[in-house]
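Here the structure comes first, spelled out in structure tokens, and everything after it is commentary.
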Amino acid sequence: MTTTTIAAPAEADLLIGLNAAQEEAVVLPLDAHAVILAGAGTGKTRVLTHRIAWAIEQGMDPASIVAVTFTNKAASEMRERLRALVGDAVAQNLRLGTFHSLGLKVLRRYGHILGFRNPERLSPMDQDESVALLRRVMKAYDAGIDLKIEKPRDHYGLIGHWKDKGLEPQQVRPQKEASRELTRHLYAAYEKEKFASQTVDFADLILLSNRLFRTREDIAKTFQKKLRMILVDEFQDTNPIQLEFIHHLSNTGKSVSTFVVGDDDQSIYGWRGADADIFQTFMNHHQPCELVRLEENYRCTSVVLDAANAVIQHNETRIGKNLWTQRQDVGPFGLSVYADGDREADAVAEQIGTALQQGASPKEIAILYRVNAMSRPLEKALIVRSIPYKVFGGLNFYQRREVKDAMAYLRLTADPRDDAAFMRAIAVPRRGIGAKTIEGWQTAARARGASVFDVVQGETKPAVAAFLHLLNDLRVAYRDAGLVGLAKACVFTTKLDEFYIETAKERGEECVENLRELISTAGVFHHRLRTGGIAQESIAHHPGDPLSEFITEAVMDSDAAVHLSKKAETVSLMTVHKAKGLEFPHVFVVGLEEGEFPKISPFRESNIEEERRLFYVAMTRSKYQLQMSYALSRWKFGREDTEMAGIDDAHSGEGGVSSRFLSEIPSHLFGDGIMVGDKKSLPSPVAINGRLRGSDAGDWW
DNA sequence: AAGCTTAGACTTTTT
DNA sequence: GTCTAAGCTT
């Protein structure tokens with residue numbers, strides 16, 4: 001009796017504060033398959049976490065629940081929120097992680113069946129390394145390939161695409177186009193070489209897990225027996241191999257219920273193999289299937305929602321939903337046009353300055369654009385006004401050259417037979433051993449089925465001996481001084497710091513700064529490890545040694561290193577892709593020109609519906625102010641791109657014409673019409689999706 | 001083997 | 001305009 005008095009209020013608590021649709025989703029029968037269509041800002045994570053808490057409260061064993069996210073960030077956020085709902089102890093037992101970390105776990109456990117000699121050490125190559133491996137394959141290719149014409153990165157792109165679709169080399173049909181046919185052959189060679197070097201790429205984490213499940217039904221069964229419920233976040237971004245992965249775990253829903261949450265209108269990773277039709281496919285496989293729409297938005301103003309709804313309605317392929325809000329306030333919502341990109345940037349910076357004067361905090365403000373290159377003029381304009389900003393984009397921490405170099409030494413300490421790391425480390429800092437020599441070792445290693453490290457043992461060159469000696473010192477450093485001591489040694493004992501000061505000139509200081517940051521990242525990692533903050537996120541039931549875990553995190557959780565910028569008081573500049581899932585009181589969307597956003601490239605087929613979803617994502621980031629703009633001309637690759645230039649220059653084309661998406665917004669929603677240039681305002685939004693003509697046009701050229 | 005010069009490219013990027 | 005990477009020179 002007394003125990004029920006504890007349980008009952010808790011159950012009531014759990015549902016408090018949920019709206020009708022959220023509650024409906026949370027309390028669906030535990031064995032029901034469900035699709036939750038959760039629009040932007042409708043409480044998606046809330047539903048997901050409460051659903052899990054609800055299941056546990058109904059008596060489901062936490063260990064039989066798997067929740068899959070796409071990013072580590074989303075995983076840890078969910079973990080945190082679940083801690084608050086169900087307590088530390090229970091949250092600890094949940095299986096929660098990204099597709100890739102789950103796949104890695106499967107491979108580490110069962111990789112020996114697939115022929116991996118050291119599966120528990122497995123840690124995937126990042127994209128650059130995968131391309132490097134392909135480049136080596138291409139260089140060794142019988143027919144001979146001109147790497148200038150056939151670019152490794154392009155071929156890798158297509159191979160990755162095939163892999164995301166679940167196509168193994170022998171399943172790819174012969175290609176009509178010669179270059180693609182070459183890719184097909186390279187794919188097979190790439191896979192062979194990759195296996196020979198006992199490594200895997202990102203896609204393999206899922207692909208090989210699937211192969212294992214397919215060939216060893218008994219192993220699939222052991223997972224299926226343990227599990228009762230699988231939840232998937234951001235389901236719209238799931239690609240075919242990930243869906244197959246879920247099917248293996250759930251026995252295609254026959255024995256495990258599957259609860260997927262996402263928003264088809266926010267599917268913006270189609271170019272990475274995500275299937276726009278994934279919800280439909282899923283529902284076909286999981287009948288009967290519940291469908292709940294979360295449409296009440298808690299983020300945006302009603303004007304923004306009306307505009308966003310109007311735009312997204314132009315998409316043919318969507319399940320359909322309409323966001324609404326109870327909010328009564330109307331924030332500023334506007335569209336401006338400028339003569340060129342610099343003036344646009346200037347005006348945006350000016351408006352931000354005003355907002356700051358009026359008491360806004362820099363971190364409440366974001367500028368969003370379609371492509372990274374657009375950040376430059378904005379940065380300039382912000383610097384002039386001394387407005388603090390941060391650009392989120394470009395390379396992440398672990399992709400920087402100097403950090404990769406130091407990581408190569410860390411990796412060699414963990415495993416001297418890591419060829420990729422060996423070849424990188426021995427070349428930097430320079431020690432009189434060049435590409436030719438290394439290449440020679442490599443072929444020898446391949447011929448003997450050995451690693452470069454093994455081959456090099458017979459070398460008598462003093463430089464080689466010194467290098468091997470250095471590696472030994474690093475091992476000693478790790479043994480005696482732990483992860484942080486090793487990290488320090490990888491920067492200083494290796495003399496990487498000196499190397500970068502000498503060679504990188506201007507950037508030298510910055511490089512060393514990054515190397516120091518790497519050391520402190522190792523320190524933070526070590527601390528998290530000791531305080532128990534790691535094991536659950538990397539979902540390793542038997543965590544390996546700290547070094548391997550650290551290396552894996554560096555590859556698979558590139559965000560883990562950004563602890564310094566977290567609470568910075570800065571304006572955020574980022575691409576719309578990066579902004580997905582975030583929200584800001586003040587949002588500026590710039591560069592809304594036809595051709596730029598939507599991005600239209602003469603070389604690549606563009607997907608207008610996906611571009612439109614991207615625009616939809618951009619608009620729905622704003623909590624209060626949404627300010628959009630475009631420019632009549634823009635500097636592109638050092639050339640001016642205007643409406644005029646488009647006529648004779650097939651390369652650039654569309655500059656200066658407003659985005660078609662703007663014309664899809666009902667004109668009455670633009671309070672003041674289009675703001676032209678600095679202050680002049682037109683009575684109505686003339687010339688949206690068209691050229692600005694006539695006497696009006698003259699003024700701002 | 002290392003350093004300098006020039007040619008080309010250039011959406012988006014959760015892992 | 002700015003980057004990287006291949007290739008030529010020393």
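Bear in mind the structure is a predicted one, so any value in this text is a computation, not a measurement. Lettering of chains follows the sequences in order, A, B, ..., and the numbering in each one begins at 1.
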Sugar-phosphate, base or nothing in reach of A:Ser606, heavy atoms under 4.0 Å: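 Answer is nothing: A:Ser606 stays at 4.0 Å or more from every strand.
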Residue of the set A:Lys580, A:Arg272, A:Arg613 for which salt bridge (charged side-chain N to carboxylate O under 4.0 Å, His left out) holds with A:Asp237: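 That would be A:Lys580.
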Near-ring test A:Tyr110/A:Phe213, centroid separation under 6.0 angstrom: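 No; A:Tyr110 has its ring centre 6.0 Å or more from that of A:Phe213.
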Aromatic ring proximity A:Phe195/A:Phe116, centre distance under 6.0 Å: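 Close enough - the centres of the two rings lie under 6.0 Å apart.
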Expected output: side-chain A:Gln236 to main-chain A:Asp263 donor-acceptor under 3.5 Å: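 Yes: the side chain of A:Gln236 pairs with the backbone of A:Asp263.
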Main-chain N/O of A:Phe597 paired to A:Ser659 side chain as donor or acceptor, under 3.5 Å: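 Side chain of A:Ser659 to backbone of A:Phe597, a donor-acceptor pair under 3.5 Å: yes, one is there.
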Taking 4.0 angstrom as the limit, do [X] and [Y] come out as a salt bridge?
X        : Y        : result
A:Asp340 : A:Arg343 : yes
A:Lys163 : A:Glu191 : yes
A:Asp233 : A:Lys44  : yes
A:Glu129 : A:Lys404 : no

Proximity to DNA chain B (any heavy atom under 4.0 Å), residues of residues 421-432 of chain A only: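 Residues of residues 421-432 of chain A that come under 4.0 Å of DNA chain B are, in numerical order, A:Arg430, A:Gly432.
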Heteroatom pairs (N/O) under 3.5 angstrom, protein to nucleotides 1-10 of chain C:
| residue | atom | partner | partner atom | Å |
| --- | --- | --- | --- | --- |
| C:dG1 | O6 | A:Phe637 | O | 3.4 |

Between N or O atoms, less than 3.5 Å apart, protein on one side and nucleotides 12-15 of chain B on the other: list the pairs.
| residue | atom | partner | partner atom | Å |
| --- | --- | --- | --- | --- |
| B:dT12 | OP1 | A:Asn372 | N | 2.9 |
| B:dT12 | OP1 | A:Asn372 | OD1 | 3.3 |
| B:dT12 | O4' | A:Arg370 | NH2 | 3.2 |
| B:dT12 | O2 | A:Arg370 | NH2 | 2.3 |
| B:dT13 | OP1 | A:Thr575 | OG1 | 2.5 |
| B:dT13 | OP2 | A:Asn372 | OD1 | 3.2 |
| B:dT13 | O2 | A:Arg272 | NH1 | 3.2 |
| B:dT15 | OP1 | A:Asn72 | N | 3.3 |
| B:dT15 | OP2 | A:Ser558 | OG | 3.4 |
| B:dT15 | O2 | A:His100 | NE2 | 3.3 |
| B:dT15 | N3 | A:Arg272 | NH2 | 2.9 |

Heavy-atom pair with the smallest gap, counting every atom of A:Thr494 and A:Pro429: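 Heavy atoms of A:Thr494 and A:Pro429 come nearest at O-CG, 3.2 Å.
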Gap between atoms CD1 and C1', on A:Ile438 and B:dA2 respectively (whole Å):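 After rounding, the reported distance stands at 13 Å.
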Spacing of A:Lys151 atom NZ relative to B:dC10 atom C1', expressed in whole Å: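 Rounded to whole Å, this separation is 10 Å.
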